[in-house]
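Down below is the structure, laid out as structure tokens.
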2 protein chains.
Amino acid sequence: MSAAGAGSAAGAGNAAGAADAAGAGNAADATGLAELRTALGERLLEDPAALAAYSVDSSRAQPEGLPIAVVRAASTDDVSKALAWADARGIPVSVRGAGTGLSGGAVAYPGGLVISLEAMTRIIRIDVDNRLADVEAGVVTAELDAAARAHGLFFAPDPASAAWSTIGGNIATNAGGLRCVAHGVTADVVASLEVVLADGRIMRTGARTRKNTTGYDLTSLFTGSEGTLGVITAATVRLTPVPPGQPRTFRASFDDIEAAGRAVTAIVAGPARPEVLELIDARSVEIIEAFHPSGLPAPGAAMLVGQTVGLDALATAEAIAAVCRAHGAVETEISDSDSLLEARRLANPALTAQGLRVSCDVGVPVAALAAVFRGIGEIAERHGRRVAVVAHAGDGNLHPTVEAGETPEEYAAAELVIDDITRLALSLGGTISGEHGIGSVKRHELPWQLDAMALDAQRAIKAALDPRGILTPGRAI
Amino acid sequence: MSAAGAGSAAGAGNAAGAADAAGAGNAADATGLAELRTALGERLLEDPAALAAYSVDSSRAQPEGLPIAVVRAASTDDVSKALAWADARGIPVSVRGAGTGLSGGAVAYPGGLVISLEAMTRIIRIDVDNRLADVEAGVVTAELDAAARAHGLFFAPDPASAAWSTIGGNIATNAGGLRCVAHGVTADVVASLEVVLADGRIMRTGARTRKNTTGYDLTSLFTGSEGTLGVITAATVRLTPVPPGQPRTFRASFDDIEAAGRAVTAIVAGPARPEVLELIDARSVEIIEAFHPSGLPAPGAAMLVGQTVGLDALATAEAIAAVCRAHGAVETEISDSDSLLEARRLANPALTAQGLRVSCDVGVPVAALAAVFRGIGEIAERHGRRVAVVAHAGDGNLHPTVEAGETPEEYAAAELVIDDITRLALSLGGTISGEHGIGSVKRHELPWQLDAMALDAQRAIKAALDPRGILTPGRAI
């Protein structure tokens, strides 16, 4: 037990120093943690290295101190016990799946408790006839997708992190991805949730039926609530039939990014429906090609890439290519391999490697795409700072990324660019977050989008479901 | 002013007698109502005939006394003033559009205030490029649909009441309809809401973007909340492109209703997607044919009818007909006219005319359709009472209707049949309400479906947003 003992000492020390920062009342005393240790055994981690590893997510937000312990839950009952324990003591709780979040929602609280769902990895059932899957929260998204494909079905939401991120995390953040333009976001496929409330009580939301008007839509309320209303421990999600036929990929190059934006608007308004419709600006294309040379054409301004599916996938791709040419594409290409999408998948690591590190996740109505691209160019010029744009263009969801050196001053300067881009998106009828959530990173932007009454209503709901304010306090809303 | 004076006296009399029944505290005094009269002028109705007319909806629920007044709101500001007035006095409020609800959600409270949105009928904007419509709550559903069709778009949700019901009411109840199997329910097309909270404050939810992860999904929370959390005064809804090509309708007759259920399950699991997929049992077919003779075939057990759309509508209809034959259909027919769907549209008036008056709205997972049809047959036999079934079969959403004479005893006996059918649906993983909502009619069934924690959570949210409990108290949750 020496490791546990050492961890306990470190945890208690941090808790004492951190209670003020967390602002959540009493830190745990040694006796209290011992109680949790008895209940959870080796599923309670107290080793400082583990505490540090479970303190960060994939965002630029940093913890202000170590948590007191990590609960690596093996069951809903573990989560229930941990929350009842934390709630009784007013200890702040952060919740995590694989830690791939980009908004700081899973960063640990100093002196707080971390609940990790990563060990709850059971795919309980693939209900083929009803096209439903029952899963525990820690199931990796790509693994559920693979399990469904064995039955001719698939899991439609495909965040870039799908190979690592968990269903629970996807649901808690209402994750998006490349295929949303065809299949909607994570919220659109969640039928029912098992949730542990702040005080440890376990409840079920939703239904297994396609239609359900019984009571409030708590399923949608918990989806995207970023760990602030309850801990999602299991879910029933809808699966989609794999479209028949050979998918096609397409690519179109533009010398004018606003023309590319207008092409996307026209595609979305037309009858030929892509499954994927992404935009990569010229700067991103250049960086991706340097990162992994594959003979990408060098567009003057931007490239659209995408995929079509179904028996008419080729005709659909041809129709989309024709729309692109009618809106000024200088070159279009269609392939029956996946290769034309590869560049898009490399965008994130390539941009990071080039020092484009500070990104955002704004959305605009698709008719505003040309205007938002023009505006981002003007903002980049005004700040004298490189900005690269990749976008889930078919949804109007953009990820502009700003260059920044690895100093606090550089990050702060890049944040100002992001702030300007965010205000631009809002001025065009947009949103500060299309798919990453608010977490801690975007919380200062909330009042830019939500009116005071909407903020009040959200905080009233938070207070109603988590009266002691232990669940991911101070984030998301 | 003599009518208003008389109405006021009647209202005050009812209020005095009715405050206990409503359980909502102080009734309005004459001075208080005078204040509202000054603020709203002729938009405040007090004539007893109007009070009676605005007291009922289309359900079997009956008011227990007259309301004190009706606010026929012309603007969001009217709603705000009325709610602030009612909240300050603890007066219960019922909310209505066209009064087509089937669950008693819009029935007036004795001594309460009625807020009618029927005069807020502006279609503010059809935003073609973003496929959005901005509408006031009182816009009739079919009128929005017609306005959208002028731009090659349509409004997908199509409750049977679409020619009279309002968008606001559709949203407040999360209405369904025939096309849900293809396009989803009303909740799936609501992008943003304007809501007046119980205390009269006005707020906006959601966004105009396809993806939005900013704050809690209040849009989904208010959708389907049946007037208990706020009053929806305007909405931004998504429109759908009209599919190209000539729609086709199809019909398939079965001698075995369970086989028809299995056919639906197979169709839903297959690649050929209908836009409409309805079931009419043999008893309903017979009654519809008697009501309006059109040469309907007399199926041994049930008929499936539906519609396909798109350039491949005919091939899709043929594929669906083939699935039906493979599952025992004795006759199938495809038409390029709408005629095969007509029978379905006549079902409600025909059944009512034949004394089949007490219906419900249960849902089951589609794989349970055969089992639920078998079980309903057994329940009807056990009670010795005729039950006819029509169903939005593709969604697993059934409307069994039970015969009942026009006496309280007969209604009570029919309700027992409905209770048994509801318990059957729940035992198959179903829901007590697929599209009509809970209102007052189904409230006793809520604990059959929702666990105690889910009920508590819902009531905590209700209390947080409507602390004085004035909005449609005692219903929906």
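Side chains are part of it too, since the values below use all heavy atoms of this structure and drop only hydrogens, waters and symmetry mates. Throughout, protein chains are lettered first and strands after them, A, B, ... in sequence-line order, and every chain is numbered starting at 1.
Residues satisfying the side chain to side chain contact (heavy atoms under 4.5 Å, CB included) criterion with P467(A), sequence neighbours excluded, are absent altogether. Contacts of R204(A) classified as salt bridge (charged side-chain N to carboxylate O under 4.0 Å, His left out), with partners at least two apart in sequence or in another chain: none. Partners of R210(B) under the salt bridge (charged side-chain N to carboxylate O under 4.0 Å, His left out) rule, at least two apart in sequence or in another chain, are D188(A).
Interface remark: A454(A) contributes backbone and side-chain atoms alike to the contact with chain B (heavy atom separation under 4.5 Å). If you measure heavy-atom distances from R273(A) to chain B, the contacts under 4.5 Å come from the side chain alone. Heavy-atom distances place the backbone of T173(A), and not its side chain, under 4.5 Å from chain B. In this structure, the portions of I432(A) lying under 4.5 Å from any heavy atom of chain B include both its backbone and its side chain. Both the backbone and the side chain of R208(A) have a heavy atom closer than 4.5 Å to some heavy atom of chain B. D451(A) touches chain B through its side chain: at least one heavy atom from C-beta onward sits under 4.5 Å away, while N, CA, C and O do not. Neither the backbone nor the side chain of L132(A) comes within less than 4.5 Å of any heavy atom in chain B. The contact between E226(A) and chain B is made entirely by side chain atoms (from C-beta outward), counting heavy-atom distances below 4.5 Å.
Inter-residue side-chain proximity for L221(A) and I461(B) is flagged as met; some heavy-atom pair is nearer than 4.5 Å. Using a 4.5 Å heavy-atom cutoff, the side chains of T213(B) and H436(A) are not in contact.
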Evaluate the side chain to side chain donor-acceptor pair (under 3.5 Å) criterion for residues S220(B) and Y216(A): first the C-alpha distance (whole Å), next the side-chain angles of each, then the deciding distance (0.1 Å), finally the verdict.
CA-CA 8 Å; S220(B) 293; Y216(A) 300 149; over 6 Å; no
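A side-chain donor-acceptor contact under 3.5 Å links T214(B) and Q449(A). In the model, N212(A) has a side-chain atom that pairs as donor or acceptor with a side-chain atom of T431(B) under 3.5 Å.
Scanning residues 175-185 of chain B against chain A with a 4.5 Å heavy-atom cutoff picks out G176(B), G177(B), C180(B), G184(B), V185(B), ordered by number.
No side-chain donor-acceptor contact under 3.5 Å links R201(A) to the backbone of A452(B).
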